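Right, one structure below, let's go through it.
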2 protein chains.
Amino acid sequence: MSSEQAHVVTIREVAAAAGVSIGTASKALNGRGKLREETRARVSAAAERLGFRPNPLAQGLLQGRTYTVGLVTGDSFGRFSIPVMLGAEDALGAGQISVFMCDTRDDPIREQHYVERLLARRVEGIIVTGRRTEPRPSIGADLPVPVVYAMTQSASDDDFSVIPDDRGGGALAARHLLATGRTRIGHVTGPERFEAARRRAEGLTDALAEAGTGLAGDPLFGEWTEEWGRQGADILLRAHPDVEAVFCGSDQIARGVSETLRERGRRIPDDVAVVGFDNWEPMVEGCRPPLTTVDMNLGEIGRIAAEHLLEAIGGAPRARGVLTVPCSLVLRESTRVS
Amino acid sequence: MSSEQAHVVTIREVAAAAGVSIGTASKALNGRGKLREETRARVSAAAERLGFRPNPLAQGLLQGRTYTVGLVTGDSFGRFSIPVMLGAEDALGAGQISVFMCDTRDDPIREQHYVERLLARRVEGIIVTGRRTEPRPSIGADLPVPVVYAMTQSASDDDFSVIPDDRGGGALAARHLLATGRTRIGHVTGPERFEAARRRAEGLTDALAEAGTGLAGDPLFGEWTEEWGRQGADILLRAHPDVEAVFCGSDQIARGVSETLRERGRRIPDDVAVVGFDNWEPMVEGCRPPLTTVDMNLGEIGRIAAEHLLEAIGGAPRARGVLTVPCSLVLRESTRVS
DNA sequence: GAAAATAAGGAATAGGTTTTCCTTCGCAGA
DNA sequence: TCTGCGAAGGAAAACCTATTCCTTATTTTC
């Protein structure tokens with residue numbers, strides 16, 4: 001039916017079709033200036049009929065705006081950065097802003113290259129996101145556009161980063177386990193060199209201390225893998241056979257832990273409760289039983305980052321430092337009270 | 001040090017700084033026209049010093065090109081679409097083309113909305129990608145720019161889709177298992193309504209038939225979940241206690257299958273070999289033992305899709321139909337020959 | 001030494017839209 | 001009849017770059 005014309009129609013043709021000048025057509029379509037109602041209608045009808053869309057290049061050129069931002073990630077748009085991106089897109093899309101996607105593959109050269117390209121394209125801002133929340137080198141000082149780091153943290157204090165509240169997440173898990181009557185609690189988590197691992201452990205131990213109890217042994221730092229979860233659980237059971245709960249630094253670790261617990265004859269949650277971290281659906285649902293876990297609200301992080309970026313683009317004074325977003329606890333079988 | 005000016009510098013200022021006209025500056029920077037070497041150098045130096053970057057809006061307006069394409073996904077940029085995207089980006093980035101990212105959340109309204117937006121932005125082409133390879137409604141007939149479907153398939157024969165060779169993948173698994181001396185082979189896979197599931201089963205049974213043997217029972221169609229994998233393995237073991245190998249429709253299913261096999265006292269790979277599908281790292285590596293699996297070469301799919309899009313943009317006659325990309329087998333412990 | 005060719009670079013145009021400023025017309029008031 | 005005003009819409013500038021066409025000065029050729 002609607003046989004599309006490959007030819008892109010301009011406002012000039014709309015104006016001609018409606019029998020008015022270009023300027024008048026523009027005013028009619030944008031509701032500006034003084035025009036008769038009949039004229040406006042005639043122009044609108046012509047535009048509709050011809051399928052006119054204003055050329056954003058021309059508009060942008062004139063207004064000096066592009067309504068685009070860049071999104072730079074080193075996570076290969078993986079598990080962490082995706083929800084962040086979606087949240088960001090939500091906030092940006094509402095403002096009619098489109099997103100240029102760049103994956104750096106964690107290569108600083110590529111990253112620099114992409115930043116150049118984004119600036120050349122006159123993006124109005126940049127969001128940087130990553131695989132982990134670890135501090136990373138600033139993407140560049142004195143860039144001509146605002147930059148926000150989401151789910152990763154710039155090493156420079158002059159930059160602005162939005163990351164999850166890992167301490168709070170640890171505390172959340174601790175308080176939940178205490179509330180369900182468990183006091184002998186172990187902790188198996190990722191490498192100690194990761195700030196996220198350290199902060200989660202801190203949040204856990206501090207919350208336990210506040211309640212007048214302590215961790216069963218030291219936190220077991222290892223790897224972010226299932227395999228380490230299995231080993232860690234073994235170590236924990238040997239040192240503390242009477243452990244009542246395990247808080248794990250990630251859902252993958254929690255899976256490993258759960259498996260070993262089961263194999264050692266511990267029932268979950270009756271004998272030992274397990275709490276994970278990440279709320280990563282395929283891991284959490286495949287776990288037996290389904291895993292209570294801490295959700296970092298990644299979408300929220302992305303949304304907040306994007307909102308800050310929009311404000312900065314709008315001229316608000318540029319924020320600095322780190323903003324933490326609260327985690328929330330997602331309850332499932334693995335910590336049920338029998 | 002380099003205190004950046006918020007003011008964006010134009011070629012006019014470069015020209016003024018170099019003491020030449022705008023046109024001359026343009027020629028100098030682009031290596032066109034007849035200019036003295038000294039002049040070129042002077043202009044280049046001025047451009048460098050002022051940090052000049054040509055405004056892509058102005059360039060695009062003039063050339064009638066934008067050097068952008070849209071990437072539309074319903075997969076929330078998940079496990080499948082991400083590698084596809086990266087492959088596509090590889091091919092496009094080399095051509096200095098930037099990618100607008102759009103996530104439809106599988107909502108047709110949002111999708112239509114995004115397509116509108118992309119067209120308004122004058123993208124030169126669109127890549128559509130999805131969660132599964134199932135046929136989906138065409139994104140629109142007679143669009144003014146070329147469209148390629150990657151890892152998803154348009155229901156319209158007029159469109160062009162690039163998808164993995166699921167049949168071939170099934171055959172690959174079959175031949176590998178046969179080569180390692182297993183002949184009693186079972187199949188646990190996803191819902192029968194999925195073409196991907198049916199084609200993988202076909203590839204498997206056909207390859208077995210070719211070798212003069214047959215499947216142990218009918219394919220067990222179910223869900224794409226670990227839970228179903230566990231159930232499916234139970235059903236299979238009850239009907240065929242002497243099964244020597246199981247080919248699974250996904251890595252998640254394979255995990256469930258492996259778990260049940262282990263619990264029923266079967267050693268992997270000594271008693272029963274297991275092959276998965278997807279080569280999804282966290283699943284495959286967490287599996288005990290690590291899983292031999294079929295890789296769909298998603299990056300390759302993305303790259304091929306992007307290359308076709310580039311050709312179409314370049315004016316090549318638009319391709320139609322479906323292009324399948326071969327899968328490859330990734331060998332790990334779960335099918336080792338003892 | 002004059003005509004022609006070449007080198008070097010300037011002026012102007014195009015691209016699509018928005019906005020500012022101007023023109024024209026009809027009509028009210030004096 | 002003339003002045004003034006508001007309504008309606010046209011003309012042109014502006015945004016920034018690339019390119020085509022010219023102009024000017026220099027060199028070559030006969």
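On a predicted model such as this, the values are computed, not experimentally measured, just so you know.
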If a pair satisfies salt bridge (charged side-chain N to carboxylate O under 4.0 Å, His left out) and one of its residues is in residues 295-309 of chain B, list it, with sequence neighbours excluded. B/Asp90-B/Arg303, B/Glu300-B/Arg303
Please collect all salt bridge (charged side-chain N to carboxylate O under 4.0 Å, His left out) contacts where either partner lies in residues 57-68 of chain A, sequence neighbours excluded, each pair once. A/Arg65-A/Glu124
Among all residues two or more places apart in sequence or in another chain, which pass the salt bridge (charged side-chain N to carboxylate O under 4.0 Å, His left out) test with [X]?
X        : result
B/Glu311 : none
B/Arg136 : B/Glu111
B/Glu38  : B/Arg42

Classify the nucleic acid contact of B/Thr10 as base, sugar-phosphate or nothing, counting any heavy atom under 4.0 Å across all strands shown. sugar-phosphate
For DNA chain D, determine which residues of residues 116-124 of chain B have any heavy atom closer than 4.0 angstrom to one of its atoms, and list them numerically. none
So which of residues 55-68 of chain B are in contact with DNA chain D, with a heavy-atom cut-off of under 4.0 Å?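 Close to the strand are B/Asn55, B/Ala58, B/Gln59, B/Leu62.
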With heavy atoms of chain A within less than 4.0 Å as the criterion, where does contact along DNA chain D begin and end? D/dA7 to D/dC16
Just how far, in rounded Å, is P of C/dG16 from CD of A/Glu13?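 Whole-Å distance recorded here is 8 Å.
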With five pairs defining each end axis, the helix from C/dG1-D/dC30 to C/dA30-D/dT1 comes out bent, to 10°, by 70°
Please say which of B/Leu29, B/Asn30, B/Thr24 ends up in a side-chain contact (heavy atoms from CB on, under 4.5 Å) with B/Ser26. B/Asn30
In B/S/- notation, 5' to 3', how is nucleotides 4-10 of chain C contacted by protein heavy atoms closer than 4.0 Å? ---SBBB
Polar atoms only, N or O, under 3.5 Å: list the protein pairs with nucleotides 22-26 of chain C and their distances.
none

Could you please spell out the steps behind the ring pair (Phe, Tyr, Trp, His ring centres under 6.0 Å) verdict for B/Tyr149 and B/Phe160? CA-CA 6 Å; B/Tyr149 297 75; B/Phe160 178 64; 9.3 Å; no
Return the set of residues passing side chain to side chain donor-acceptor pair (under 3.5 Å) with B/Asp158 (not counting sequence neighbours), or none when no residue passes. B/Arg320
Taking C-beta and beyond as the side chain, do A/Val84 and A/Thr73 meet within less than 4.5 Å on heavy atoms?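 Result no, sub-4.5 Å side-chain heavy-atom pair not found.
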